[in-house]
Amino acid sequence: MMKFIRLKVVLLTVFSVVSILYPGGAKRLEALEIGHHNAELLPKGKEADGIVGDFLLRNGKIQVLIAGNLPHRRANMMHEWEFPIPGALLDLDFCGADNDQITSFRPGHLGGDVSYVRVVSDGSNGAASVETVRTAVKGGGLYTRHEYVLEKHWQHVLIRSTYRNDSDKVSEIQPFPVWKAPLRNPSLKQFSDFWKVGKVRIGDSIDPFDKRSYAWIPIGEDDSLAELVSLQPGEQKDYSIALAVSDSPLAAYGVAAALQKPIGTVEGRAVDQEGEAMIHASIFVTVGKIELPAYPSDGGRFSFLLPPGTYETRLFDLGRPEEQQRFTVNQESITSLSFSPPRASAVQFLIQDAKGDPSPAKVQFIGVNGTSTPYLGTDYRAHGCDHQYHSHDGKFTQQIPPGEYRIRITRGPEFDLVERNIQVGAGEHLEIKAVLKRTVNTKGWISTDYHSHSTPSGDNHCKSDDRIISFAAEHMEFIPTTEHNRLYDWQPHIDRLGLSEKMATVIGIELTGAGQHLNAFPLQHHPLSQDGGAPRWQFDPRLNAIVLRNLFGESHRKWVQINHPRVGEVFNDRDADGEA
């Protein structure tokens, strides 16, 4: 019988809080393969990437998706380009939360073809597990096995890796896991921030407002996880790591740290003096010399685990004065921590068109007369990006530091802009109403962008909803869905945002590789297959154009375009050595 490592975990209040927040999903522990009959179980979210043939672990608290041993199995274009990643962890989230953000996690640099992926234990014996195996024959003499293990109540998945050199020569292994960003492109931003506290590594989602963070820690005696290890003939090495998910970097750190040291719970609320929950605040706690943020929930509640000790904390929320506190955590006990700052200063908008209907708009906040232009948040979202706010319905509130600003309201070049100077006092909620008049007559024409991306493309981190909101704010009327190397459909996003009367889309693609890129539409989306049923890129753009034109039939209806043309290299200097 298979033996499982039993981790000593202290179950504290934070776990029950999570269960209340995310009640969806089966309550029983199980491991299963995804088919058409149960595809509704696939995790959802910004980076969710499950298809038929993948494997799912779940325990009623979290769910873990492992890529099946399928042809060309990948996440998005950036994970990885050179090789498939069957058997890697692609999704990790709370059950029922629909907020996966992890993209990919590859233990031991897992990549390339494997021998098989299968369920080892269905959960009936107290542990559910899925294994990924590359036999020594397929691995050139190196046997590799990664087992993903989940037990009841765990908020982490245990990953046990075995490497055995069955050859007569020295083999090299890379025990250290690869997290999101591929090694060939380390500059590609995959986290809004990343920290290392002791042996725990923590990453936050690109948009902290998404409130999804991850942390991993080595487990067991050999926890060095070197980048490169040599195995002598016949030698075997075993490693274990735990990968946790939570709603903030601080909470994820606590779940991981609790696996190896004594722990206590901190819980409380962040509600201002007017009774408003501070859902976009950050509660920074210094752990060692590192500040880690926690994020209040929609009700302003927060909860996280910390090792015993005394900590410094500060509350940051745009438009309010900072608040600092000191608190002490005791082992296996609950510490209360609450914040109640003054009301935030903010601007409330109601933007309409000439008919009095809600109008999409882009609003810029520009500091004047000594006030700094504010930074509202990450560039990768519509609602508070850099110094702008993009709205699909013109009705919103933006917190902002007190000061004097020039407010610029636009909706693309066909509408007159509205510009005003405003003074916002501390704690003041200033109301602004504006009407955007369309003064350019473009009857018989539409505004369009045939080449655009959102997060499914891999090299873009803007959620599809946010991308569409930004299009609406700029008055784009026709936006073909052209994600990199995958067929996708923006229509459900447009419908959900209530924008179907203002813009249209068709399913399309940008077929991309280390050479010429081509866009094509209309096509068909097959959501439960790799890349939505997209074809593979080829170096010769003529072949790509023929494939795209004839894909799914009706070639006479296809639009195929070449993007940023570089076709000369194909015909004149294919090996790029400078000689024709």
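The backbone N or O of Leu511 lies less than 3.5 Å from no partner atom in the side chain of His517, so there is not a single donor-acceptor pair. The backbone N or O of Phe284 lies less than 3.5 Å from a partner atom in the side chain of Thr313, making a donor-acceptor pair. In this structure, the side chain of Asp100 does not engage the main chain of Pro43 through any donor-acceptor pair within 3.5 Å.
When all heavy atoms are compared, the tightest approach of Pro535 to Leu551 is CD-CD2, 3.7 Å. The shortest non-hydrogen separation linking Val117 to Gly87 is CG2-CA, 3.8 Å.
Residue-environment remark: NZ (Lys152) stays at or below the threshold of 12 foreign heavy atoms within 6.0 Å. The environment of His36 atom NE2 is sparse: at most 12 non-hydrogen atoms of other residues, nucleotides or ligands sit within 6.0 angstrom.
Checked against the 6.0 Å centroid criterion, the rings of His280 and Phe316 do not qualify as a close aromatic pair. Two rings, from Trp216 and Phe194, have their centers 6.0 Å or more apart. The ring of His525 has its center no closer than 6.0 angstrom to the ring center of Phe552. Between Phe191 and Trp179, the ring centre distance stays below 6.0 Å.
Considering Glu47, Arg467, Lys463, Glu483 as possible partners of Thr455, the one that fulfils the side chain to side chain donor-acceptor pair (under 3.5 Å) test is Glu47.
By the 6.0 Å and 45° rule, Arg326 does not stack over the aromatic ring of Tyr311.
In this structure, Arg486 pairs ionically with Asp49, as a charged nitrogen and a carboxylate oxygen lie closer than 4.0 Å.
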Quiz prompt | Audit row: Glu147, Arg145, salt bridge (charged side-chain N to carboxylate O under 4.0 Å, His left out) steps and yes/no | solution = CA-CA 7 Å; Glu147 183 179 19; Arg145 179 179 185 266; 3.2 Å; yes
